[in-house]
Amino acid sequence: MGKLKLIAEGIIKNNPTFVLILGMCPTLGTTTSAINGMGMGLATLFVLVLSNITISAIAKLIPEQVRIPSYIVVIAAFVTIVQLLLQAFLPSLYETLGLFIPLIVVNCIVLGRAEAYANKNSVIDSAFDGLGVGLGFTIALTILGFVRELLGSGSIFGWKFIDGDGILAFVLAPGAFIVLAYLIVLFRKVTAKKA
Amino acid sequence: MAKESSFKNMVITLSVICLVCSALLGVVYSVTKAPIEAAELAKINNAIKAVVPECDNNPSEEMIEVEGSVVYPAKVNGNIVGYAIKVKVSGFGGPIQMMVGFKADGTIYNTSVISHSETPGLGAKITGEIPTRTQIVGKNPASSNLTVTKDGGEIDAITASTITSRAFLKGVDAAYKVFVELQKQQQPWEN
Amino acid sequence: MEYIIIIISAVFVNNILLSQFLGVCPFLGVSKKVNTALGMSAAVTFVMALSTLVTYLLQYYVLVPLGIGFLQTVSFILVIAGLVQMVEIILKKISPALYQALGIFLPLITTNCCVLGVALLVVNNEFTFGGDPHMLNLGQSVVYAVASALGFGLAITLFAGIREQLDLNNVPKAFRGVPIALIVAGIMAMAFMGFSGIV
């Protein structure tokens, strides 16, 4: 399968947020701004690619019954590495994303791709699959963060264009759910036309 | 395709994976330990710099613990020009960690909010240049009533965020109490 | 008295699902029928109480004294995975009917963010229940975990009730399934925001 096609599938056909409806917790919890959403997406992408590569490489060595716990340990290790690197070099992003960084471990997307793809395919293909799905996730989170930031704080990527606040509901809990709902509908309409 | 799922194989595989991962993490941890500590220190130093007059010493190296809070003395030529006091109070959505800077005579020089979990657009405004913070600059807690107007004081709270404003002023008060205690502790030597 | 404040806070004011966004995946997937929702909540409550207890002890008696705090994420998730496996085995023996009813949802509790989320929250964050910021002790942590699970159960059951009604109505085609569920969740979140400031 063409490598670029793998990436495109991850972004559109298999988009974890708009199609597979996976990884909802960080999607709702870290998208108060475009930058935060992007940061979260990229951290998850990092883990996705590395865990896909590792699991694809060692899949044949793991007995069937301990498959899931083994994958979880590998994923948890990469998540901890991301945690430590962010804490050391991007402390403000680390504080903003907070609890959701270690929660990448239980993000269904990562374990899901390991189980559905990485343990059955080559290392290179798995890497590109991780890259594609990770990009799909990052793009989705960035768009969601962008809309919430635009309507809720009146700013774009941190650049405020109005004085005072926007419609606060959008950066609070209800806004997360509702904006995501409309984005999914929009995505469905756009991709349905192309089909 | 995968190895046979005998008990021995399962235990060995899982143990090996755990050991390798732990070792790898140990390495990454030791490499990132110093940068993490440096980032923490930079955060404190920035907060200190924002709340006390210019000094030529390194306040974080001369920190004193008083009553559970940390005091960072700022000096010029060995003489005290101010104290930065780090306190933690309960805000609306969680703890608020702040740095309050006093001049040597007890007047407030400035304040800085280090971390908080207040509501965006409401209590979160506490990090900006708002009346609740600017009105207390230059005032001395010994002579002024630094509470919100709702409680009979002279400071304007953030609109619709009285609880956050109260918590912030409580933090300033707590820092002042530490300042007073510090003065008391230093008296015997200053005679 | 403090326990009551913890319970009110965890169930209503800072609902684990509607304001902290933990446990959303099963929320959208499981909650089509009230019965399933209740069964799921019971299972989650049990696992959360037990895992918070074990991970708390692990943190303070193993990880901190040995200086291996960086193994927190790995060890916590292993504990949770192990506990869920154990619960599965025990449930299969004691009550095969319940085991069948829960089906795939039982192993999925491992990847439920609220279990790992609450376990991490109680050992890493300071809480402000009635007083100055402080870390929770073992008793308070377990109460917090159980209360959070109850909050999850409350949200998920209310939601199932609403969805049962929704299925009988004429939802616009593009919104069917996940989008309308999310909008309902958003309105529920707004309703729960009314509780803020009580504790």
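In this text the structure is predicted, and so the values were computed from the model without any measurement. Side chains are part of it too, since the values below use all heavy atoms of this structure and drop only hydrogens, waters and symmetry mates. A, B, ... follow the sequence lines: proteins, then strands. Residue 1 opens every chain.
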Asks: Below 3.5 Å only, please: all the donor-acceptor pairs between chain A and chain C, one per line.
Replies:
from, atom 1, to, atom 2, distance (Å)
A:Gln83, OE1, C:Thr73, OG1, 2.9
A:Arg188, NH1, C:Ala174, O, 3.2
A:Arg188, NH1, C:Arg176, O, 3.2

Asks: Decide yes or no for A:Asn121 and A:Ser56: does some side-chain heavy atom of the first lie under 4.5 Å from some side-chain heavy atom of the second?
Replies: no
Asks: Taking distance alone, no hydrogens or angles, what donor-acceptor pairs closer than 3.5 Å link side-chain atoms of residues 183-190 of chain C to residues at least two apart or in another chain?
Replies:
none

Asks: Excluding sequence neighbours, so at least two apart, what forms salt bridge (charged side-chain N to carboxylate O under 4.0 Å, His left out) with A:Lys13?
Replies: A:Glu9
Asks: Between A:Leu28 and chain C, which part of the residue has a heavy atom less than 4.5 Å away: side chain, backbone, both or neither?
Replies: both
Asks: Are side-chain heavy atoms of A:Leu86 and A:Phe46 found at a separation under 4.5 Å?
Replies: no
Asks: Quick one: OG on A:Ser33 to CG on A:Leu150, what's the gap to the nearest 0.5 Å?
Replies: 12.0 Å
Asks: Side chains of A:Phe137 and A:Leu141: closer than 4.5 Å at any heavy-atom pair?
Replies: yes
Asks: Against chain A, work out which of C:Leu17, C:Leu22, C:Leu108 has the most heavy-atom pairs shorter than 4.5 Å and name it.
Replies: C:Leu22
Asks: Taking every heavy-atom pair that is under 4.5 Å apart, which of A:Ala173, A:Cys108, A:Ala176 has the most such pairs with chain C?
Replies: A:Ala173
Asks: I need the minimum non-hydrogen distance between C:Met48 and C:Cys114, along with the two atoms involved.
Replies: CE-O, 4.0 Å
Asks: If you tally heavy-atom pairs under 4.5 Å against chain C, which of A:Leu103, A:Ile184, A:Ile178 wins?
Replies: A:Leu103
Asks: Could you work out, with ring-ring contact (aromatic ring centres under 6.0 Å, His included) as the rule, every residue matching C:Phe192, not counting sequence neighbours?
Replies: C:Phe195
